[in-house]
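To start, the structure under review is shown below, and the notes come after it.
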Amino acid sequence: MAPAQFSAETSGGGAFVRQPNRFTGRVTPHSTSPPGGGPDEQDRWPLEPGRYRLIRCRACPWAHRAPIVRNLLGLREAVSLGTPTLVPFDAAPHGWTTPHGRG
């Protein structure tokens with residue numbers, strides 16, 4: 001059997017194992033951080049239009065949830081959405097590309 005490409009997401013038996021979420025803070029207009037700053041004492045990031053970009057790939061079976069939550073939280077105008085163009089895996093090492101280059 002070939003070694004797993006993403007060993008941190010693969011159990012010893014080959015099953016997918018979700019990693020812990022690394023992004024646990026919230027983007028909110030209620031942050032006490034100054035514009036351009038990091039999270040405040042309650043892990044709230046300042047809401048600044050143009051600062052954040054959500055990248056989702058249609059090939060991901062869970063990706064549809066991120067834009068839905070973005071809309072439900074009222075962040076559609078503040079957080080832009082990028083959708084990479086899928087290309088064949090033999091054309092790009094990671095299978096997708098963005099206007100800024102391969103992902």
Side-chain angles (χ1 to χ4, degrees):
M1 182 160 77
Q5 180 180 3
F6 303 105
S7 59
E9 289 95 6
T10 308
S11 72
F16 175 76
V17 178
R18 186 177 300 279
Q19 290 186 9
N21 188 352
R22 295 182 190 153
F23 305 101
T24 57
R26 294 185 179 263
V27 176
T28 174
H30 307 295
S31 173
T32 58
S33 292
D40 65 14
E41 63 282 344
Q42 294 180 344
D43 205 22
R44 299 176 302 188
W45 291 79
L47 178 61
E48 299 174 51
R51 179 176 179 175
Y52 307 101
R53 182 157 178 82
L54 175 63
I55 305 293
R56 62 110 185 215
C57 180
R58 289 188 180 117
C60 175
W62 299 287
H64 69 284
R65 297 186 293 183
I68 291 170
V69 171
R70 171 180 154 253
N71 293 344
L72 290 172
L73 293 176
L75 298 173
R76 189 175 190 164
E77 298 299 319
V79 178
S80 63
L81 178 64
T83 303
T85 302
L86 293 174
V87 296
F89 277 94
D90 58 351
H94 300 291
W96 55 274
T97 185
T98 68
H100 304 292
R102 300 220 183 271

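FYI, the numbering just counts along the sequence from 1.
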**Item:** Cluster overlap Val69 with Leu54, hydrophobic side-chain contacts below 4.5 Å
**Value:** yes

**Message:** Between Trp45 and Leu73, is there shared hydrophobic-cluster membership here, with clusters defined by ILVMFWY side-chain heavy atoms closer than 4.5 Å?
**Reply:** yes

**Request:** State, with a plain yes or no, whether a side-chain heavy atom of Arg53 is found less than 4.5 Å away from one of Ile55.
**Result:**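 Heavy-atom side-chain distance check passes, below 4.5 Å.
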
**Message:** Would you say that more than 12 heavy atoms from the other residues, nucleotides or ligands in this model lie under 6.0 Å from the CD of Glu41, or not?
**Reply:** yes

**Request:** Please report the shortest heavy-atom distance between Cys57 and Ala63, naming the atom on each side.
**Result:**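 Minimum heavy-atom contact is O-CB, 3.2 Å.
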
**Asked** What pair of heavy atoms forms the shortest contact from Tyr52 to Pro46, and how long is it?
**Response**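 Heavy atoms of Tyr52 and Pro46 come nearest at OH-O, 2.8 Å.
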
**Asked** Does the side chain of Thr28 come under 3.5 Å of the side chain of Arg44 through a donor N or O and an acceptor N or O?
**Response** no

Inter-residue atom distance [X].[atom1] - [Y].[atom2], 0.5 Å rounding:
X     : Y     : atom1 : atom2 : answer
Arg56 : Arg65 : CZ    : CZ    : 13.5 Å
Ser80 : Arg51 : OG    : CZ    : 13.5 Å
Asp43 : Arg26 : CG    : CZ    : 10.0 Å
Leu47 : Glu77 : CG    : CD    : 11.0 Å

**Asked** Donor-acceptor pair, Ser33 side chain versus Gly37 backbone, under 3.5 Å?
**Response** no

**Message:** Determine whether a donor-acceptor pair (N or O, by modelled atom type, separation under 3.5 Å) exists between the side chain of Asp40 and the backbone of Ser31.
**Reply:**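 Looks like no, no N/O pair under 3.5 Å.
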
